[in-house]
Undergrad: 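Sharing a structure with you now.
No hydrogens, no waters, no symmetry mates; every other heavy atom, side chains included, goes into these values.
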Amino acid sequence: GKSQNAFVEEHILENNEGAVSDKNGNFFIKFSGLNECSIEVRHIGYQKYRKNIDCSVDQNLKISLIQESLNANEIVITGNKKETFVKDSPILTHVVSSQDIEKSSYSSVKDVLEMSLPNFQNSMWTHANFTSNQVKIQGLSDKNILFLIDGARVSGEFSGMLDFDMLDISNVAKIEIVDGGMSSLYGSSAIGGVVNIISKKPKKDLSYKISYMNNDPESISKTLYFGINKNIFSYVLNVVENFSDGYDLTTNDAVYSDNGGVYYNTLEKYQSLSHKHDFNLKFNNKYFLNFKYKNYVKDIFVFQDYRALEDGNFIFYKSYQHEMPKSEDNRYGLSFKINFKESLLKLDFNTEEYIKSNYYFNYTSVIPNQQEHIYDFYNTSNQLEQRDFVNAIHENKTLNLQYNFSIAKHSIVLGFEQNNNVYNSYNIYKNGGDQFGTDLFGNIYELNVCDYPNNYTLTACEAASIFGSVDDSKSFKTKAFYFSDTYSLMNTDVIAFSIRNVIPENYSRKTVFSFAYMYKQNQPYDIRFNYSRGFRLPSVKELYYNYLGHEPVIIGNPDLLPSVNDYFSFSVDKRVYNNSYSLEFFYNDVKNLISTSNTESNEIQYVNYANVV
């Protein structure tokens, strides 16, 4: 191509000579008495060209370069659990950059996935009066997909599904998505794929960003980013506030019970606030220390209709429901890396504590006297006692020790991982004093009284522990050793193999593995073949759930078997500057898929489905 900015770098044994083009784009290179040499041509936006030539005779070579995507040299981590150029990754990896997010109207991670990936389903559903998000990739729900933040797994869930509001996108460098089985590298819950959200690192001495997004009625978001990068130290503060008045796409009519009507909205009114701190120290570009902390709090406001008699007339008023959900997530992460010349040693420790609470805006059930306007009383009265009670705490702690090194054309990963899951569930007893309600005709009557432990009715008077209404704690621990080898074949093709040996606390040992081959000799097309054997262990709730106060009753199954899958995929991927696409065929055979089923007594129980394809 004719370009005065292009250059040629040729390797003549141990001597290097070069040239720049004339105004017509021609290069003139004189070799000094050598018979064999190699010529290499490089230009930004094009694939590198290299050829062995006979340099003892005069030659007139015409060289054409093939365009390539600028992001082909982007580094990805998720597919190989080590830094790899996306064009060299044997696992097809989808990348959503921060520029893609900022130039779009994405307001959440699930929006990014929905707009960026085929075979992605996003739905909102109502459970226990509250709205949750549910996603599926290639037909498998988010319980079978592993979500990571900077490589650390996310386990906080609300109403049975992952709490997506924890995953903000205001400080995202990129999102890497690998669909298909990844259990051999990442362990349980990765039979449907891995989504890794990677945070930005500050590059300037001082940087800040304030943003405001109005995506009403779904959310209104305000964010603050502040970064410092000075010598060996860097720090990032990220604050995100989200708010929504909620909306309803069905009907505004409340569903009535004896105590009034509860609204079932498509999206409930909510507010959330999170702040994240990221500290980094680096010494001699060899030793790296990172500490992260994030706190996230979300309140959901659920409204209820009440009717009463006032001055002989029926009045209709709307106020908060007596019991509303609140969630809080605390995440800590500590990482230490030693970067040797040809190897990397990394130690990561991450802990997450997800707290589910119930908020009572009128804990003592105070009622107005005859002179007070009921609407004003329930919405503005300072007589109401507000109380917060913790109903459940989900703890997840992960230790990962990993060593990456290279031998000849082999790039090897060795690792050990330990994961501890603990779920604590508690009863919440309502006020033991006099409690009153109002029926549909405006008559005030006394409710059941929870005077624990002498006189109480479980389903009517408390938010119950999911473990048979007993304050209890259940745990699940696993250890695993893993190995991965990526081999460069014929200087272009790549072959990869990984294996993981899992030692669960409650099950026998499990060995899973994967194989990948990438054919690169038909550029600009990369052809990939992948096979993986994966697994998913049952969660604590799926094993021990015993929620008697729920209608219908939900019960766990201590006899659940781990899910096992065989995943095959074939893909063709093309990455050029102005035309990139991929085509993928996959087949996922899941045995003992864990899901729910209705029993003869109309209970919901977790069961294994023998085979799902």
Undergrad: Could you tell me whether the side chain of Asn400 and the main chain of Asp348 form a donor-acceptor pair under 3.5 Å?
TA: no
Undergrad: Before accepting this row, confirm whether a basic side-chain N of the pair Lys474/Asp472 lies closer than 4.0 Å to the acidic partner's carboxylate O.
TA: yes
Undergrad: Which of parallel (below 30°), tilted (30 to 60°) and perpendicular (above 60°) describes His277 and His275?
TA: perpendicular
Undergrad: Whether the side chain of Arg500 engages the backbone of Leu185 through a donor-acceptor N/O pair (distance < 3.5 Å, no angle test) should be reported.
TA: yes
Undergrad: For Gly333 and Asn350, work out which heavy atoms get closest and say how close.
TA: CA-OD1, 3.4 Å
Undergrad: Who passes ring pair (Phe, Tyr, Trp, His ring centres under 6.0 Å) against Tyr567, sequence neighbours left out?
TA: none
Undergrad: Start with the C-alpha gap between Arg533 and Asp566, add the side-chain angles, then the distance that decides, and say whether salt bridge (charged side-chain N to carboxylate O under 4.0 Å, His left out) holds.
TA: CA-CA 5 Å; Arg533 163 66 63 91; Asp566 291 293; 2.7 Å; yes
Undergrad: Looking just at side-chain N and O atoms, do Lys276 and Ser199 make a donor-acceptor pair shorter than 3.5 Å?
TA: yes
Undergrad: What residue among Asp278, Asp168, Asn238, Asp329 forms side-chain hydrogen bond (donor to acceptor under 3.5 Å, both in side chains) with Lys294?
TA: Asp168
Undergrad: When you look at NZ of Lys200, are more than 12 heavy atoms from neighbouring residues, nucleotides or ligands closer to it than 6.0 Å?
TA: yes
Undergrad: So with a 6.0 Å cut-off around OH of Tyr208, is the heavy-atom count from everything else above 12?
TA: no
Undergrad: Quick one: side chain to side chain donor-acceptor pair (under 3.5 Å) partners of Asp485, sequence neighbours excluded?
TA: His410
Undergrad: Can you name the residues that form a ring pair (Phe, Tyr, Trp, His ring centres under 6.0 Å) with Tyr517, not counting sequence neighbours?
TA: none
Undergrad: Does a side chain donor of either Ser411 or Lys82 reach within less than 3.5 Å of an acceptor in the other side chain?
TA: yes
Undergrad: Is there side-chain contact between Asp165 and Tyr296, with heavy atoms separated by less than 4.5 Å?
TA: yes
Undergrad: Please determine, by modelled atom types, if Tyr293 and Asn330 share a side-chain donor-acceptor pair under 3.5 angstrom.
TA: yes
Undergrad: Looking at the rings of Phe515 and Phe497, which for Trp means the six-membered one, are their centres under 6.0 Å apart?
TA: no
Undergrad: Do Lys479 and Phe416 have side chains that get closer than 4.5 Å, going by heavy atoms?
TA: yes
Undergrad: Start with the C-alpha gap between Tyr482 and Val502, add the side-chain angles, then the distance that decides, and say whether side-chain contact (heavy atoms from CB on, under 4.5 Å) holds.
TA: CA-CA 9 Å; Tyr482 58 90; Val502 187; over 6 Å; no
Undergrad: Above 12 or not: heavy atoms from other molecules or residues under 6.0 Å from CD of Gln523?
TA: yes
Undergrad: Side chain of Asn530, backbone of Pro90: donor and acceptor closer than 3.5 Å?
TA: yes
Undergrad: Got a donor-acceptor contact below 3.5 angstrom from the Ser188 side chain to the Leu537 backbone?
TA: yes
Undergrad: Near Tyr287 OH, under 6.0 Å, is it more than 12 heavy atoms from other residues, nucleotides or ligands?
TA: no
Undergrad: Sequence neighbours excluded, which residues qualify as side chain to side chain donor-acceptor pair (under 3.5 Å) partners of Glu328?
TA: Asn295
Undergrad: Would you say Asn592 and Val564 make side-chain contact, with heavy atoms under 4.5 Å?
TA: no
Undergrad: So Lys209 and Ser170, side-chain contact (heavy atoms from CB on, under 4.5 Å) or not? Walk me through it.
TA: CA-CA 10 Å; Lys209 178 182 177 181; Ser170 61; over 6 Å; no
Undergrad: Taking Asp526's backbone N and O only, do any of them form a donor-acceptor pair with Asp573's side chain (distance below 3.5 Å, no angle check)?
TA: no
Undergrad: Distance-only check: which donor-acceptor pairs under 3.5 Å involve side-chain atoms of residues 337-346, not counting sequence neighbours?
TA:
none

Undergrad: What verdict does the side-chain hydrogen bond (donor to acceptor under 3.5 Å, both in side chains) test give for Lys292 and Asn290, after you've listed the backbone C-alpha separation in whole Å, the side-chain angles of each residue and the deciding distance to 0.1 Å?
TA: CA-CA 7 Å; Lys292 290 185 176 71; Asn290 171 257; 2.9 Å; yes
Undergrad: Does the side chain of Glu352 reach to within under 4.5 Å of the side chain of Ile149, using non-hydrogen atoms?
TA: no
Undergrad: I would like to know whether Asn242 and Ser219 meet side-chain hydrogen bond (donor to acceptor under 3.5 Å, both in side chains); could you show each step before the answer?
TA: CA-CA 6 Å; Asn242 288 314; Ser219 67; 5.1 Å; no
Undergrad: If you compare all heavy atoms of Asn588 against all heavy atoms of Leu140, which two are closest, and at what distance to 0.1 Å?
TA: ND2-CD1, 3.5 Å
Undergrad: When you check the side-chain N and O atoms of Arg509 and Asn501, is any donor under 3.5 Å from an acceptor?
TA: yes
Undergrad: Between Phe513 and Tyr531, what is the ring plane arrangement, given parallel below 30°, perpendicular above 60°, and tilted in between?
TA: tilted
Undergrad: Please evaluate residues Ser473 and Asn424 with respect to the criterion side-chain contact (heavy atoms from CB on, under 4.5 Å), reporting the C-alpha separation (whole Å), side-chain torsions for both, the decisive distance (0.1 Å), and the verdict.
TA: CA-CA 4 Å; Ser473 175; Asn424 309 285; 2.7 Å; yes
Undergrad: By side chain to side chain donor-acceptor pair (under 3.5 Å), which residues pair with Glu176, not counting sequence neighbours?
TA: Thr78, Lys174
Undergrad: How far apart are the closest heavy atoms of Ile393 and Val390, and which atoms are they?
TA: CG1-CG1, 3.8 Å
Undergrad: Side chains of Ile228 and Leu206: closer than 4.5 Å at any heavy-atom pair?
TA: yes
Undergrad: Side chains of Ile594 and Asn608: closer than 4.5 Å at any heavy-atom pair?
TA: yes
Undergrad: Can you check side-chain contact (heavy atoms from CB on, under 4.5 Å) on Asp88 and Lys520, steps first, answer last?
TA: CA-CA 9 Å; Asp88 297 326; Lys520 295 176 63 68; 3.6 Å; yes
Undergrad: Distance check, rounded to the nearest 0.5 Å: Asp150 atom CG versus Ile198 atom CD1?
TA: 7.0 Å
Undergrad: Sort out for me which residue in Glu395, His394, Lys397, Lys477 forms a side-chain hydrogen bond (donor to acceptor under 3.5 Å, both in side chains) with Asn421.
TA: His394
Undergrad: Taking all non-hydrogen atoms of both residues, which atom of Tyr423 and which atom of Lys356 are closest, and how far apart?
TA: OH-NZ, 3.1 Å
Undergrad: Return yes if a side-chain donor-acceptor contact under 3.5 Å exists between Asn404 and Gln402, otherwise no.
TA: yes
Undergrad: Are Tyr525 and Leu583 side-chain neighbours, meaning at least one heavy-atom pair lies under 4.5 Å?
TA: no
Undergrad: I need the single residue from Ile177, Val195, Val178 that forms a side-chain contact (heavy atoms from CB on, under 4.5 Å) with His94. Which is it?
TA: Ile177
Undergrad: Taking C-beta and beyond as the side chain, do Tyr186 and Lys81 meet within less than 4.5 Å on heavy atoms?
TA: yes
Undergrad: Between Met182 and Val194, what is the shortest heavy-atom contact and its length?
TA: CB-CG2, 3.6 Å
Undergrad: Where do Leu273 and Glu241 come nearest, in terms of heavy atoms and distance?
TA: CD1-CB, 4.0 Å
